[in-house]
Amino acid sequence: MKRKTRRRWMLAGRYAVIAFWVLFTLMPIYTAWVASLTKFENLGKSFLYPVDWAWENWVNIWTRVDMLGYLKSTFIYAICSALIAVILAIFAGYALSRFRFRGKKVYSSTLLVTQVLPQVVIVVPVFMLVNKLHLYDTYAGVILTIVATSMAFPTMLMRSFFDSVPRDLEQSAAIDGCNRVQTLFRVVLPITLPGIGTSFGLAFFSGWGQYLYPMVLTRSNALTPVTVGISRMIDNQTHWESVMTGTLISIVPAVLIYLLVQKSLIRGMASGAVK
Amino acid sequence: MPKRTLRQRHALRYAEPYIYLAPTIGLFVFILLIPLYNLFKYSLGDSNIVQGFKEWNNFDNFKYLANGRFLDSLKVTGIYVLFGVLGVVFFGTIVALALDKPIPGRGLFRCLVIIPWVVPQALAATMWRWVLNAQFGFLNQALMALGLIEENIGFLSKDTALATVIVVRIWQGTPFMIMSLLSALQTVPEDIHEAASLDGVNGLQRFFYITLPFIRPVLLTTTVIVTAWTVQIFDSVYILTSGGPARATQLVALEIYSKAFTQNDLGTACAIALVVLAIIMVLSVIKSKFDEEGGLL
């Protein structure tokens with residue numbers, strides 16, 4: 001009997017912790033949603049639920065600011081950096097998995113350094129370098145920087161996927177007359193598709209959220225991503241309903257991509273790629 | 001396909017991995033070699049972002065590191081990192097423990113608590129600015145409606161801003177801790193818990209003597225990772241407060257940015273960046289030590 005009541009208290013306690021944390025976690029998002037459906041003049045009058053149901057905010061945001069332009073440049077940053085990162089990660093991961101060569105240790109540790117290197121530390125010298133290369137205010141400059149700093153994770157993930165592909169498979173392909181590149185593309189890559197998908201998803205995800213690099217490395221409106229564009233809408237007379245609408249619109253793709261890669265991400269974590 | 005001589009094939013075989021790695025090695029030069037070299041160079045002289053390195057100035061830039069303004073921002077960073085990380089560890093642990101055993105709705109809750117990790121920092125910051133808004137913000141209104149406060153609180157005013165950005169940091173950082181700990185908790189054998197509960201061990205003892213030793217390696221490694229991330233937070237604090245008011249939230253990361261891009265003092269910015277780099281390197285070494293020793297800790 002005593003154990004039963006204790007168990008009940010334990011359960012209540014666990015629910016209390018979970019309820020508190022879930023409320024805390026969702027508060028900003030829920031609040032943003034309420035604001036996004038409130039007319040400017042009614043902001044702050046009702047905070048628990050939307051009274052106006054002002055869906056026009058979701059329509060007006062596209063004309064109030066260059067939302068489409070922001071989303072377009074964010075997509076370009078995310079897609080291009082993810083594509084390049086994945087292609088580079090396939091080759092680098094393959095080399096690390098299948099070859100023994102001089103400098104492998106140095107290469108691996110350098111790769112790790114790119115992963116831990118703080119953005120704020122290198123953004124200044126990178127800005128100078130990008131300027132010198134005449135890549136300031138171009139997509140290329142930002143994408144190159146994003147790829148270089150986010151390449152380590154996909155590379156290690158691909159390496160661990162390649163490690164799990166039996167070598168016999170490649171040998172039999174070689175006997176059938178495939179050269180190494182053919183083997184890689186026809187035999188190995190199809191097996192590692194989940195790894196490629198996860199790498200792409202994560203790289204996309206990281207490109208989507210970039211703020212500091214595009215802010216420092218670009219100037220023109222056409223190259224402004226959502227993160228920078230939306231946060232610039234905050235001034236003295238902020239139209240919070242628009243800021244919140246824009247924020248929610250910009251979060252959706254990130255969440256979708258995350259949900260897509262979530263399963264294989266956990267697999268990657270289990271296989272030790274994330275450490 | 002042209003036939004290659006044996007020697008050519010050998011050379012190719014030797015060069016092959018390097019061919020695959022070449023583009024990424026190029027990127028290392030772009031993101032590491034040249035920037036780090038320049039970081040040192042700029043820090044050693046009078047430099048600005050238009051002309052770059054101008055002239056040697058007797059370590060003048062490093063004198064700022066002993067300046068009261070910088071020491072203040074170092075202190076602000078210290079408080080931010082300390083309480084931010086403590087909060088992440090504390091809440092991460094209790095939420096992970098609460099979600100560990102089967103409980104109705106667990107799948108949904110696990111999904112929900114991950115959300116802050118998925119929201120880009122900059123966008124999380126814009127949402128929080130609205131939540132914390134001194135006039136109309138959700139938090140002020142909710143507290144008012146509950147009768148807990150009588151007048152609006154300026155959550156981002158001089159005395160409160162640092163605490164507020166720490167809370168936002170905890171909001172962002174905890175999901176990663178929860179995820180890591182949930183996977184570590186799966187390694188704790190079920191029967192030990194049962195045996196302990198038969199022996200009349202209470203919940204707290206059970207946590208410290210049974211659960212903690214199992215999850216300790218993961219807890220330590222994750223804590224170091226979270227610490228390293230917290231040291232370099234820029235986006236969210238920059239959007240929330242821009243380091244203000246009156247430098248109350250001027251983290252070292254923000255100091256680098258403002259030195260370089262608003263005060264046009266590239267040299268000092270790079271000197272500060274070297275300090276941050278050193279902190280991160282120390283943390284990386286600690287983490288790799290933890291990784292090596294693994295289960296022993």
Engineer: Given a strict heavy-atom distance threshold of 4.5 Å, which part of Ile239(B) is in contact with chain A: side chain, backbone, both, or neither?
Structural biologist: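 Ile239(B) touches chain A through side-chain heavy atoms alone.
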Engineer: For residues Ile280(B) and Val121(A), determine if any side-chain heavy atom of one lies less than 4.5 Å from a side-chain heavy atom of the other.
Structural biologist: no
Engineer: Checking heavy atoms, do the side chain of Phe205(A), its backbone, both or neither come under 4.5 Å from chain B?
Structural biologist: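 Contact with chain B: side chain only.
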Engineer: Ser231(A) and Tyr238(B): side-chain donor and acceptor closer than 3.5 Å?
Structural biologist: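 The criterion, which ignores hydrogens and geometry beyond distance, is not satisfied for Tyr238(B) and Ser231(A).
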Engineer: Does the plane of the ring in Phe28(B) sit parallel, tilted or perpendicular to the ring in Tyr107(A)? Use 30° and 60° as the thresholds.
Structural biologist: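 Phe28(B) and Tyr107(A): tilted rings.
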Engineer: Report yes if some heavy atom in the side chain of Met128(A) is under 4.5 Å from a heavy atom in the side chain of Phe53(B); otherwise report no.
Structural biologist: no
Engineer: Can you tell me which of Tyr37(B), Phe30(B), Phe109(B) forms the most heavy-atom pairs within a distance under 4.5 Å of chain A?
Structural biologist: Phe30(B)
Engineer: Are Phe101(A) and Tyr14(B) close enough that their ring centres sit under 6.0 Å apart?
Structural biologist: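 Here the rings of Tyr14(B) and Phe101(A) have centres that are no less than 6.0 Å from each other.
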Engineer: Only pairs of heavy atoms separated by less than 4.5 Å count here; which of Pro125(A), Gly209(A), Ala95(A), Pro28(A) has the most with chain B?
Structural biologist: Pro28(A)
Engineer: So what's closer than 4.5 Å to chain A heavy atoms on Leu32(B): side chain, backbone, both or neither?
Structural biologist: side chain
Engineer: In the structure I gave you, are the side-chain heavy atoms of Thr25(A) and Ile114(B) within less than 4.5 Å of one another anywhere?
Structural biologist: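 Of all side-chain heavy-atom pairs linking Ile114(B) with Thr25(A), none is under 4.5 Å.
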Engineer: Among Leu212(A), Val126(A), Leu88(A), Thr227(A), who wins on heavy-atom pairs under 4.5 Å with chain B?
Structural biologist: Leu212(A)
Engineer: Using a 4.5 angstrom heavy-atom cutoff, name the option from Val34(A), Thr149(A), Leu111(A) with the most pairs to chain B.
Structural biologist: Leu111(A)
Engineer: Let me know if Val216(A) has heavy atoms under 4.5 Å from chain B in its side chain, its backbone, both or neither.
Structural biologist: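 Side chain only.
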Engineer: Quick one, Tyr258(A) with Val119(B), criterion side-chain contact (heavy atoms from CB on, under 4.5 Å). Give me CA distance, side-chain angles, the key distance, then yes/no.
Structural biologist: CA-CA 10 Å; Tyr258(A) 175 75; Val119(B) 176; over 6 Å; no
Engineer: So, do Ile19(B) and Phe91(A) sit near enough that their side-chain heavy atoms are less than 4.5 Å apart?
Structural biologist: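 Not touching, per the 4.5 Å side-chain cut-off.
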Engineer: Among Lys259(B), Gln172(B), Lys101(B), who wins on heavy-atom pairs under 4.5 Å with chain A?
Structural biologist: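 It is Lys101(B).
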Engineer: Do the side chains of Tyr20(B) and Leu96(A) get nearer than 4.5 Å, heavy atoms only?
Structural biologist: no
Engineer: Give, as side chain, backbone, both or neither, the part of Ile34(B) having an atom under 4.5 angstrom from any heavy atom of chain A.
Structural biologist: side chain
Engineer: Is a side-chain donor-acceptor pair under 3.5 Å present for Thr247(A) with Thr126(B)?
Structural biologist: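 Judged by distance alone, the side chains do pair up.
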Engineer: Are Phe127(A) and Phe261(B) close enough that their ring centers fall under 6.0 Å?
Structural biologist: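 Here the rings of Phe261(B) and Phe127(A) have centres that are less than 6.0 Å from each other.
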Engineer: Which bit of Tyr211(A) is near chain B, if near means a heavy-atom gap under 4.5 Å: side chain, backbone, both or neither?
Structural biologist: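 Tyr211(A) touches chain B through backbone and side-chain heavy atoms alike.
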Engineer: Between Ile178(B) and chain A, which part of the residue has a heavy atom less than 4.5 Å away: side chain, backbone, both or neither?
Structural biologist: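 Interface part for Ile178(B): side chain.
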Engineer: Name the option with the most non-hydrogen atom pairs under 4.5 Å to chain A; the candidates are Ala253(B), Ala145(B), Ser284(B), Cys270(B).
Structural biologist: Ala253(B)
Engineer: Can you find a pair of side-chain heavy atoms, one from Trp21(A) and one from Thr174(B), that are under 4.5 Å apart?
Structural biologist: yes
Engineer: Under a 4.5 Å heavy-atom cut-off, does chain A meet the side chain of Val167(B), its backbone, both or neither?
Structural biologist: both
Engineer: Please classify the contact between Asn133(B) and chain A as side chain, backbone, both or neither, with a heavy-atom cut-off of under 4.5 Å.
Structural biologist: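 Side chain only.
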Engineer: Contact part of Pro175(B) toward chain A, heavy-atom cut-off under 4.5 Å: side chain, backbone, both or neither?
Structural biologist: neither
Engineer: Is it the side chain or the backbone of Arg102(A) that comes within 4.5 Å of chain B heavy atoms, both, or neither?
Structural biologist: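 Answer is both: backbone and side chain atoms of Arg102(A) are under 4.5 Å from chain B.
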Engineer: At a heavy-atom separation under 4.5 Å, does Leu144(A) approach chain B through its side chain, its backbone, both, or neither?
Structural biologist: both
Engineer: Is the backbone of Ile234(A) close enough, under 3.5 Å, to the side chain of Arg129(B) for a donor and an acceptor to pair up by distance?
Structural biologist: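 No; zero donor-acceptor contacts below 3.5 Å.
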Engineer: A quick test of your reading: do over 12 heavy atoms of other residues, nucleotides or ligands sit less than 6.0 Å from NZ of Lys132(A)?
Structural biologist: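 No, because the 6.0 Å sphere around NZ of Lys132(A) holds 12 heavy atoms or fewer from other groups.
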Engineer: For Leu133(A), is it the side chain, the backbone, both or neither that has a heavy atom under 4.5 Å from a heavy atom of chain B?
Structural biologist: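 Answer is side chain: those atoms of Leu133(A) sit under 4.5 Å from chain B.
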Engineer: Could you tell me which portion of Ile29(A) (side chain, backbone, both or neither) has an atom closer than 4.5 angstrom to a non-hydrogen atom of chain B?
Structural biologist: both
Engineer: Counting heavy-atom pairs under 4.5 Å with chain A, which one of Ile103(B), Val131(B), Val276(B), Leu39(B) comes out on top?
Structural biologist: Ile103(B)
Engineer: For Val255(A), is it the side chain, the backbone, both or neither that has a heavy atom under 4.5 Å from a heavy atom of chain B?
Structural biologist: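 Its backbone and side chain both get close to chain B.
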Engineer: Name the region of Gln121(B), side chain, backbone, both or neither, that has any atom closer than 4.5 Å to a heavy atom of chain A.
Structural biologist: neither
Engineer: What part of Leu129(A) gets within 4.5 angstrom of chain B, counting heavy atoms only: side chain, backbone, both, or neither?
Structural biologist: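 Contact with chain B: side chain only.
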Engineer: State, yes or no, whether a side-chain contact exists between Trp130(B) and Glu241(A) at a heavy-atom distance under 4.5 Å.
Structural biologist: no
Engineer: Is any side-chain heavy atom of Phe234(B) closer than 4.5 Å to one of Met215(A)?
Structural biologist: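 The answer is yes, as the side chains (C-beta and beyond) meet within the 4.5 Å cut-off.
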Engineer: Between Asn38(B), Ile272(B), Ile256(B), which shows the greatest number of heavy-atom pairs under 4.5 Å with chain A?
Structural biologist: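 The candidate making the most pairs under 4.5 Å is Ile256(B).
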Engineer: Heavy-atom pairs under 4.5 Å with chain A - which of Val118(B), Leu97(B), Leu27(B), Val113(B) has more of them than the others?
Structural biologist: Val118(B)
